[in-house]
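Here the structure is laid out as structure tokens; the discussion comes afterwards.
These numbers come from a predicted model, not from an experiment.
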Amino acid sequence: MNNPSLLRIYFLAVFLMISCLRSGYGQKVDQFNSWWYYSGTYQVSDRWSGNLLYSWSRHDFVKHWQISKLGLGTTYNVTKNLGVGLGYEWAIIFPYGELPVPERRVEHRILERFYFKERIRNVSLSSTIEVEQFFRNGKFMQRVRTKVGLKFPLWIDPEGNRKVSMSFFEQIFIGIGDGAPSLGQNRYYGGFDLELWKNLSISLGYMNQYIIIRPETIENDHTLMVGIFHKINLK
């Protein structure tokens with residue numbers, strides 16, 4: 001994956017696969033949510049870093065709980081453009097909306113992560129593959145999260161210290177294990193990033209979350225995304 005042309009081919013292939021998988025399902029229920037989150041990266045050496053994520057997700061904009069999620073992890077940079085990592089997520093899923101889960105549930109998730117990135121002039125391309133294991137209602141489950149994204153600057157100040165960028169990504173969740181692989185979720189995102197300082201930025205965007213409850217029942221969530229990204233060099 002160090003060959004830039006290979007990463008571009010991989011990026012386009014995954015994007016096309018994701019778009020094809022989304023079609024062909026039944027009636028949708030539209031809902032409106034907001035996600036507020038903090039993402040921290042703590043660099044401890046040239047190759048190792050720690051990661052912290054907290055997501056505060058609300059249904060009906062901010063009226064009701066949707067998901068509370070805390071994530072911890074570590075990443076090892078194999079090369080400049082390739083990294084691997086291990087993570088843990090503690091998630092509480094609340095009953096919400098027109099298609100609620102039967103009761104509040106807690107999930108403990110283990111994730112193995114691989115990421116690739118490349119820069120083409122001012123455009124940054126990235127792809128992440130995560131393999132996830134967790135228990136749901138006493139049943140052991142596995143799934144794969146595949147994400148492709150791009151980011152490019154819209155404005156940079158004369159000193160080059162602050163900039164406004166635009167980001168897009170698409171992500172799918174594919175269940176694996178018993179039977180054939182199945183599409184569980186598909187997410188589209190577009191938004192703006194404002195770099196306040198070199199190590200701190202905020203983002204504002206829109207995400208469409210397409211959740212397949214059953215082949216004939218689709219939850220289509222329109223979600224406001226507000227995030228804080230923080231990088232600290234502890235070397």
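In this structure, Phe192 places its CZ atom where only 12 or fewer heavy-atom neighbours from other residues, nucleotides or ligands lie under 6.0 Å away. More than 12 non-hydrogen atoms from other residues, nucleotides or ligands lie less than 6.0 angstrom from CG of Leu224. Residue-environment remark: NZ (Lys139) stays at or below the threshold of 12 foreign heavy atoms within 6.0 Å.
Looking at Arg105 and Glu107, a side-chain N of the basic residue comes within less than 4.0 Å of a carboxylate O on the acidic one, giving a salt bridge. Taking a cutoff of 4.0 Å between a charged side-chain nitrogen and a carboxylate oxygen, Lys163 and Asp157 do not qualify as a salt bridge.
Residues Gly190 and Phe168 approach most closely at CA-CD2, 3.8 Å, considering heavy atoms. Of all the heavy atoms in Ser68 and Phe94, the pair that sits closest is N-CE1, 4.2 Å. When every heavy atom of Glu118 is checked against every heavy atom of Ile120, the shortest pair comes out as OE2-CG1, 3.7 Å. The heavy-atom pair separating Lys151 from Ser165 by the smallest distance is CE-CB, 3.6 Å. Annotation for Gln43 and Asn77: closest pair NE2-ND2, 4.1 Å, computed over non-hydrogen atoms. Closest approach of Glu89 and Arg145 over heavy atoms only: OE1-NH2, 3.0 Å.
Hydrophobic clustering (ILVMFWY, side-chain heavy atoms < 4.5 Å, transitive): Ile156 and Leu194 are in distinct clusters. Linking ILVMFWY side-chain heavy atoms closer than 4.5 Å, directly or via other members, places Ile213 and Leu183 in two distinct hydrophobic clusters. Cluster annotation: Phe229 is connected to Phe169 through the hydrophobic network of ILVMFWY side chains, with a link wherever side-chain heavy atoms come within less than 4.5 Å. Hydrophobic clustering, with ILVMFWY side chains joined whenever heavy atoms are under 4.5 angstrom apart, groups Trp48 together with Ile232. Criterion: ILVMFWY side-chain heavy atoms under 4.5 Å apart, direct or through other members. Under it, Phe116 and Val144 are part of a common hydrophobic cluster.
Side-chain atoms of Glu98 and Gln31, non-hydrogen and from C-beta on, do get closer than 4.5 Å to each other. Within the 4.5 Å cutoff, the side chain of Ile211 has no heavy atoms near those of the Ile218 side chain. Two residues are said to be in side-chain contact when any heavy atoms from C-beta on lie closer than 4.5 Å; Ile92 and Ile67 fail this criterion. Residues Leu52 and Tyr42 form a side-chain contact, since some pair of their non-hydrogen atoms from C-beta on lies under 4.5 Å apart. Here the side chains of Tyr38 and Leu53 are not in contact, with every heavy-atom distance at 4.5 Å or above. Residues Ile174 and Arg143 form no side-chain contact, since every pair of their non-hydrogen atoms from C-beta on lies 4.5 Å or further apart.
From Asn220, atom CG reaches atom CG of Asp30 across 4.5 Å, with rounding to the nearest 0.5 Å. To the nearest 0.5 Å, atoms CZ (Phe134) and CD (Gln142) are separated by 9.5 Å. A distance of 9.0 Å separates CD in Glu195 from CG in Leu200, rounded to the nearest 0.5 Å. Within the model, atoms CD of Glu132 and CD1 of Ile176 stand 10.0 Å from one another, a figure rounded to the nearest 0.5 Å. How far CZ of Phe61 is from OG1 of Thr223: 11.5 Å, rounded to the nearest 0.5 Å. Distance check: Leu234 CG to Thr41 OG1 gives 11.0 Å after rounding to the nearest 0.5 Å.
Using a 3.5 Å distance cut-off with no hydrogens or angles, the side chains of Arg119 and Ser124 do pair a donor with an acceptor. A donor-acceptor contact under 3.5 angstrom links the side chains of Asn186 and Glu170, judged on distance only. A donor and an acceptor atom, one from each side chain of Asn51 and Thr75, are located under 3.5 Å apart. Between Asp193 and Ser201, the side chains place no donor N or O within less than 3.5 Å of an acceptor N or O (distance only, hydrogens not considered). Looking at Gln209 and Gln185, their side chains do bring a donor and an acceptor atom within 3.5 Å of each other. Glu219 and Tyr96 are linked by a side-chain donor-acceptor pair at a separation below 3.5 angstrom, with hydrogens and angles left out of the test. If you check the side chains of Glu112 and Gln133, you find a donor sitting under 3.5 Å from an acceptor.
In this structure, the side chain of Asn33 does not engage the main chain of Gln66 through any donor-acceptor pair within 3.5 Å. Of the possible donor and acceptor atoms, none in the side chain of Ser203 sits under 3.5 Å from a partner among the backbone N and O of Met225.
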Between Val78 and Val84, is the side chain to side chain contact (heavy atoms under 4.5 Å, CB included) condition met? List the steps. CA-CA 7 Å; Val78 180; Val84 297; 4.3 Å; yes

- [ ] Check step by step if side chain to side chain donor-acceptor pair (under 3.5 Å) holds for Asp221 and Asn208.
- [x] CA-CA 6 Å; Asp221 291 341; Asn208 178 242; over 6 Å; no

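A parallel orientation is assigned to the rings of Tyr88 and His108, their planes being inclined by less than 30° (bins at 30° and 60°).
Checked against the 6.0 Å centroid threshold, His222 and Phe32 count as a close aromatic pair. Side-chain rings of Phe135 and Phe140 approach one another, their centers coming within less than 6.0 Å.
With sequence neighbours excluded, no residue satisfies side-chain hydrogen bond (donor to acceptor under 3.5 Å, both in side chains) with Trp56. Residues satisfying the side-chain hydrogen bond (donor to acceptor under 3.5 Å, both in side chains) test with Arg104, not counting sequence neighbours, are none.
The side chain to side chain contact (heavy atoms under 4.5 Å, CB included) test with Ser57 is passed by exactly one of Tyr37, Trp35, Trp36, Trp65: Trp35.
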